[in-house]
Amino acid sequence: MTTSEQEAGQQVVSTDPRQRMGDYQTMAVNARMKVHAILAAAGLEPDEADELVCAMEAGAVAGAHCWVEELPGCAPGAHGTAYGDGWDGAVDRALDVLVSTADSAYRQRGRAHVTRSLLIGGEILHNRIAAAEQAPEAGPSSREESDRDR
């Protein structure tokens with residue numbers, strides 16, 4: 001990681017392509033939760049937050065579609081016509097998959113509700129831990145005393 005990446009707060013990703021995709025997925029989940037938390041703090045309703053996040057995710061896939069859309073006819077010519085036809089067929093299939101993926105990303109709803117539940121649950125846990133740490137050392141509870149008396 002370069003100094004400028006460290007200053008920008010960029011995370012380190014794997015050099016292995018498959019692992020790197022996993023790294024990006026993890027970063028996306030964390031970013032999505034943070035965005036949902038910020039939108040909730042701003043007073044946006046969960047359905048509105050879902051609409052925004054889903055539109056951004058579908059737009060990211062649409063951006064990938066634009067890149068792939070430029071690939072037909074780009075097969076190396078030295079491999080022959082059959083290779084070029086196969087190349088173009090594979091690009092067409094990849095474009096179909098990207099359209100389906102963008103559609104799916106746009107339809108995914110309910111994450112804002114889940115994120116808020118997780119945030120609230122985490123806040124409750126944090127508050128309980130903080131309260132327990134601040135509580136003075138107390139003697140045994142009445143239940144503990146009644147258990148001993150048996």
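Residue numbers run from 1 in the order of the sequence given.
- Judged by distance alone, the side chain of R20 and the main-chain N or O of T15 form a donor-acceptor pair under 3.5 Å.
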* Yes or no on side-chain contact (heavy atoms from CB on, under 4.5 Å) for H113 and D47, after CA distance, side-chain angles and deciding distance? -> CA-CA 8 Å; H113 288 288; D47 291 340; 3.9 Å; yes

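- Looking at heavy atoms from C-beta onward, T101 lies out of side-chain contact with H65 at the 4.5 angstrom threshold.
- A donor-acceptor contact shorter than 3.5 Å is absent between the side chain of D50 and the backbone of R109.
- Here the side chain of E48 pairs a donor or acceptor atom with the backbone of E45 at under 3.5 angstrom.
- Hydrophobic clustering of Ile, Leu, Val, Met, Phe, Trp and Tyr side chains at less than 4.5 Å, counting indirect connections, unites V61 with L71.
- Atom CE of M21 is surrounded by 12 or fewer heavy atoms from other residues, nucleotides or ligands within 6.0 Å.
- Hydrophobic cluster membership differs between V53 and M33, with clusters built from Ile, Leu, Val, Met, Phe, Trp and Tyr side chains linked at under 4.5 angstrom.
- Between the side chains of Y106 and E51, at least one donor-acceptor pair of N or O atoms lies under 3.5 Å.
- In this structure, the side chains of Y83 and P76 come closer than 4.5 Å at one or more pairs of heavy atoms.
- Separation of atoms CG (D23) and CZ (R18) is listed at 14.0 Å; rounding is to 0.5 Å.
- Between the side chain of S104 and the backbone N or O of S100, no donor-acceptor pair lies under 3.5 Å.
- Between A75 and G84, the closest heavy-atom pair is CB-CA, 3.8 Å.
- V97 and L95 fall into different hydrophobic clusters, where Ile, Leu, Val, Met, Phe, Trp and Tyr are joined by side-chain heavy atoms under 4.5 Å apart, directly or via other members.
- Residues A112 and A49 come closest through the heavy atom pair CB-CB, 4.1 Å.
- The closest donor-acceptor contact from the side chain of D88 to the backbone of P72 lies at 3.5 Å or more, if one exists at all.
- Here the CE-NZ distance, from M27 to K34, works out to 13.0 Å after rounding to the nearest 0.5 Å.
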